[in-house]
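Here is the structure we will look at.
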Amino acid sequence: MTGTDTPEPPAPRNLPSLLSGLHAQRRSCTVSVSGSPGGTLHVRDGLVVAMETPGAPGVEAILLKSGRLTEEAWTSVRAADSTHEHLARELVAAELIGAGELEVVSLGALFDAAFALSLNRPTDWEVGDPVPVLYAGAGVPPERLVTETTRRFGMLAKEPGAIARSARDRVLTSPAAGLPESTARLSPRHLDLLTAVDGRRTPRDLAFTLGRGLFAVLLDLRHLLGLQLIEYATPPGAAGRPSTAPRTPSPSVVPSAPATSGLPRRLPRRPGPQPAAPGSPERRA
């Protein structure tokens, strides 16, 4: 290295640190996250304006599944603007939804996607050029996403295993759910959720079915669980096996990069040749 060489900045340790760097640079880009559930983060001038993930409903799913917009109206607006970058403006101009309401829905979907992405750590991420996406509002800084996601994890902390169940467990109705006196005092929101429980759907499935946020569904399921109206099914093969889910949720807005801790444990070698463990190189943008 010569005296004129400038050392490259260290690679970000996790997605929150990556987003903080993009915010400082006022970058406009797209961050593709691989993993379970994985997703796409959209950044404009350093602010996060939208997230898309199979782990939680986006703005489109919320508007359509909740009945706020009809399929016909949505298709008509999309035909007028196939880029999606101006789709929010077209929805408001067509008087299908108010600007304030659309901004609230967009912000709620953004926070919910950040929560869903935080349930598991990513296997990798890659930064690319910005692509069109439906969003309303100026976006939020990474610090606000961290604060809101931490708050949501804290609200679910009293429910053991709620975070893990959101990814894998099916929800079943209990015998008490068929009693009129048990459901008479339920709000319409809780009653709709209870009606959608069929023994096959997970909390994520229920969120997409009803057009509601995953976090909101988990909160309402906790309420129904307290009333003994629902129960969670144990995944096949999990009976008698201790849980491997983290007992304390990570406060990151989105899952942090895998980090090594401690020393590897050596297992007894079996007789005969042993296959080599595959490597797991990481790619960073």
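Looking at Ser174 and Ile230, their side chains never come closer than 4.5 Å, going by heavy atoms from C-beta outward. You'll find the side chain of Trp74 reaches within 4.5 Å of the side chain of Leu91, heavy atoms only. Between Lys65 and Leu210, every side-chain heavy-atom pair lies at or beyond the 4.5 Å cut-off. Using a 4.5 Å cut-off on side-chain heavy atoms (C-beta onward), Leu87 and Tyr135 make no contact. Counting heavy atoms from C-beta on, the side chains of Pro203 and Tyr232 come closer than 4.5 Å.
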Please set out all donor-acceptor pairs under 3.5 angstrom arising from side-chain atoms of residues 104-111, sequence neighbours excluded.
{"unit_1": "Ser106", "atom_1": "OG", "unit_2": "Leu102", "atom_2": "O", "d": "2.9"}

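The side chain to side chain donor-acceptor pair (under 3.5 Å) search around Asp192 returns none, not counting sequence neighbours. For Gln228, the side chain to side chain donor-acceptor pair (under 3.5 Å) criterion is met by no residue, not counting sequence neighbours. Taking His190 as the reference, His223 meet the ring-ring contact (aromatic ring centres under 6.0 Å, His included) condition, with sequence neighbours excluded. Residues that satisfy the side chain to side chain contact (heavy atoms under 4.5 Å, CB included) test with His42, not counting sequence neighbours, are Thr30, Thr40, Arg44, Val49, Ala50, Glu52, Val131, Val133.
At a cut-off of 3.5 Å, with distance as the only test, a side-chain donor of Thr123 or Ser34 sits close to an acceptor on the other residue.
Within the structure, salt bridge (charged side-chain N to carboxylate O under 4.0 Å, His left out) contacts touching residues 133-155 (residues at least two apart or in different chains) are Asp112-Arg152, Glu148-Arg151, Glu148-Arg152.
Under the 4.0 Å criterion applied to side-chain N and carboxylate O atoms, Glu90 and Arg78 are not assigned as salt-bridge partners.
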